[in-house]
Amino acid sequence: MIRRLILCAVLSLSLAAPARAVDSGALFETELQRLSEILGALHYLRGLCGSKDGPKWRNEMRALLDAEAQAPERRTKLMASFNRGYNGFQQTYRSCTEAADLAIRRYLDEGAKISREITARYTN
């Protein structure tokens with residue numbers, strides 16, 4: 001009986017509390033920074049594992065910067081994310097391993113998912 005009363009009180013308080021609005025601008029920035037980091041990781045790992053796509057991931061980053069980073073501080077943040085992704089794997093992997101190949105597959109999936117979500121959420 002007491003458990004029910006406590007549960008009802010908690011539920012009523014949670015329903016009475018104002019809902020927090022999600023700051024879509026902050027979410028968008030977070031997603032862009034994560035996508036930039038993934039592009040940096042892919043740029044390093046794909047080259048390490050002998051892919052033939054050359055500068056594809058750096059070019060994708062350049063396109064992202066051109067489209068979304070006109071402000072210098074935003075550009076700097078996104079470039080720092082790209083470099084963090086690149087440098088993180090550069091310090092860890094010196095040769096292509098099964099773990100590096102797995103990371104590539106996961107980052108390709110995650111990057112595609114983020115791209116789809118950004119496109120669906122923020123375009124007309």
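Side chains are part of it too, since the values below use all heavy atoms of this structure and drop only hydrogens, waters and symmetry mates. When a residue number appears, it is its place in the shown sequence, counting from 1.
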Taking the side chain as C-beta and beyond, is there a heavy-atom pair between Phe28 and Leu32 under 4.5 Å? yes
Can you list, pair by pair, the side-chain donor-acceptor contacts under 3.5 Å of residues 39-47, counting residues two or more places apart and other chains?
from, atom 1, to, atom 2, distance (Å)
His43, NE2, Arg58, NH2, 3.4
Tyr44, OH, Tyr93, O, 2.6
Arg46, NE, Asp53, OD2, 3.0
Arg46, NH2, Asp53, OD2, 2.9

Not counting sequence neighbours, which residues clear side-chain contact (heavy atoms from CB on, under 4.5 Å) with Lys113? List them please. Arg116, Glu117
What residue pairs, at least two apart or across chains, pass disulfide bond (SG atoms under 2.5 Å apart) with a residue in residues 55-115? Cys49-Cys96
Distance-only donor-acceptor hits, side chain of residues 84-91, under 3.5 Å, sequence neighbours excluded:
from, atom 1, to, atom 2, distance (Å)
Arg84, NH2, Ser81, OG, 3.0
Asn87, ND2, Asn83, O, 3.1

Could you list the residues that satisfy side-chain hydrogen bond (donor to acceptor under 3.5 Å, both in side chains) with Arg75, not counting sequence neighbours? none
Reported OH-to-CG distance for the pair Tyr107 and Leu35, which is rounded to 0.5 angstrom: 12.0 Å
Salt bridge check, Glu31 against Arg121: does any charged N sit closer than 4.0 Å to a carboxylate O? yes
Residue pairs, two or more places apart or on separate chains, that pass salt bridge (charged side-chain N to carboxylate O under 4.0 Å, His left out) and touch residues 85-102: Asp101-Arg105
Contacts table for residues 59-69: side-chain donor-acceptor under 3.5 angstrom, sequence neighbours left out:
from, atom 1, to, atom 2, distance (Å)
Asn59, OD1, Arg62, NH1, 3.2
Asn59, ND2, Pro55, O, 3.4

